[in-house]
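Notes follow once the structure below has been shown.
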Amino acid sequence: MIYRCENGESTDRLAEVIRRGSAPDGGLYYISDIPDVSDLLYGDSVVLQSGHGGYNDFVVKILERMLPDEAPGISWGELIDSAYDFAPSLHALESEYVLELFHGPSCAFKDFGARFLARYLEADCRRRDEKLVILTATSGDTGSAVGQAFAGSDAIDVVILFPRGRISHLQEKQLTTIGGNVHAIEVDGSFDDCQRMVKRIFADQSLSSGISLSSANSINLGRLIPQMLYYLYAAARLSADGCDAPVFCVPSGNFGNLTAGVMGYMAGMRVSGFIAATNRNDVVPEYLQSGHFQPRPSVETISNAMDVGSPSNFPRLTRLYSDDYARVRSHIAGYAVSDEHTRETMRTYAERHGYLACPHTAVGLAASAHHRNANLAPSEATFVTLGTAHPAKFPDIVEQATQETPEAPERLSRVLRLPSQADTMDADVGALATWLRERFGR
Ligand SMILES: *Cc1c(COP(=O)(O)O)cnc(C)c1O
């Protein structure tokens, strides 16, 4: 695969791309020349075992084909086996599927990207005998996935900024109870303030001189590549069961997840299209309607991990279609779902199917139902909505909508009993620079 910058430079070194996160010009790395792996997805010779062992075998074959020389000093098999002791799971409802991606340590799909990235960077640091600091801002779910993924690493420290009072109690507990090499900083400001502080540190080298910094945010291709793999897996499994070319419906915020799905399509996965499902932060559905992309400040909703007003992966998404609006539009449908409709969907699925969905997944289920009812896809198409988080991550919202209490997995209830540790900070980049130099400067 080739990774290109906006300014035309390119590299084929994945380790460099992952270590840097963003391109040398500060922008995105764009991915091109994605190898076709369709023979590994379809046909009689494809063997798919269930459970995480089966998932791992499948994705290792894909990685060995796509990125034969890019494993960081260990084999893809070793890396993947140390990353994943959990797997995606296709949950069949009456006439559709939920691809549940929340069976990992932080109970959200971001575990797939974060664990891969963590194992990759760790192996790369070991090979180069280097230390690294990951600096990231979170509006909720990213921080816990990234924190969990790097917990206990001796080569890598993680610094996570979160906005005071703007994330759920459980999310805060997930971030602040890891400790050790994972440092949580509570910022007196908004998520946008946190993100601005992080961006300034990356943009101005003098602020972090001598510290080797990397980001783990969703523009890092080290998160998108592993996310592509679960789409391929789901498509292969469904095809083996006689359901070819599904429609994937993706609850979206920063649009990393949907971009990963389209990367899968470029790699030869057969699909009948994608659905971009958003909450009221609807700049992408609006673009799909009008052809105009107009980022704006985000608004708060009950699916808060999708409260993004300026989705950073959007240019990467359209680039995969050569920035051809007609092509994007013919392949991706967009729907914005209100909080009210989201709650109603949670209620309907609980009553009709006994299925509890988190508010993000419910946005997807609502968009998928809308699309089906409007007869916009081939009538025989199978619909797969990505289940992005466990309902027990959002117990209050789920309970309010459905009158049912989602049962929390032990890994979630455990964090509530652990003591929190976080430093506090004003929304000031100078304060962050000082904090970083005091801890990691040489
Ligand atoms: C991050 C997140 C999303 C949005 O994913 P993007 O890749 O940013 O579009 C959706 N649901 C949950 C639960 C998330 O944590």
Side-chain angles (χ1 to χ4, degrees), residues 28 88 98-114 117 136-149 162 167-168 170-171 174-175 191 195 216-228 230-231 248-264 274-285 295 298 301-317 332 334-337 342 346 356-367 385-395 397-398 406 412:
L28 294 169
V98 179
L99 178 60
E100 295 184 346
L101 300 169
F102 48 71
H103 300 294
S106 82
C107 294
F109 80 89
K110 293 190 172 76
D111 287 328
F112 283 93
L117 179 67
T136 190
T138 186
S139 58
D141 277 352
T142 303
S144 50
V146 170
Q148 293 279 355
F162 68 95
I167 67 176
S168 79
L170 182 59
Q171 286 173 329
Q174 282 190 299
L175 287 182
F191 169 63
Q195 202 156 38
N217 65 20
S218 75
I219 68 166
N220 195 313
L221 283 174
R223 283 177 52 179
L224 292 196
I225 289 169
Q227 288 179 222
M228 170 184 66
Y230 52 66
Y231 284 91
F248 283 105
C249 178
V250 190
S252 295
N254 241 328
F255 280 82
N257 212 2
L258 181 58
T259 302
V262 175
M263 282 160 55
F274 291 93
I275 303 174
T278 70
N279 56 32
R280 274 206 299 134
N281 295 283
D282 61 350
V283 296
V284 172
S298 63
T301 74
I302 58 167
S303 44
N304 70 347
M306 291 158 43
D307 292 350
V308 180
S310 178
S312 48
N313 274 295
F314 177 78
R316 197 178 255 155
L317 181 66
I332 305 178
Y335 295 104
V337 178
T342 307
M346 290 161 79
L356 293 184
C358 90
H360 311 82
T361 306
V363 166
L365 291 169
T385 295
L386 273 58
T388 53
H390 195 290
K393 277 197 99 165
F394 307 90
I397 298 166
V398 174
L412 273 188

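Read the numbers this way: they start at 1 and go in the same order the structure lists the ligands and their atoms.
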Problem - Residues in contact with ligand 1, criterion: heavy atom under 4.0 Å - result: F109, K110, D141, P251, S252, G253, N254, F255, G256, N257, A305, M306, H360, T388, A389

Handout entry: Residues forming a salt bridge (charged side-chain N to carboxylate O under 4.0 Å, His left out) with D307, sequence neighbours excluded
Key = none

Completion exercise
Rounded to the nearest 0.5 angstrom, the NE2-CG distance for H360 and L386 is 13.5 Å

Handout entry: Pairing residues for R223 by the side chain to side chain donor-acceptor pair (under 3.5 Å) criterion, not counting sequence neighbours
Key = none

Handout entry: Backbone N/O of F255 and side chain of R316: donor-acceptor pair under 3.5 Å
Key = no

Fill in the blank from the handout: For A366, the side-chain contact (heavy atoms from CB on, under 4.5 Å) test, sequence neighbours excluded, returns V337, H341, T345

Exercise for the section: State whether a side-chain donor-acceptor pair under 3.5 Å links S303 with N279. Expected result: yes

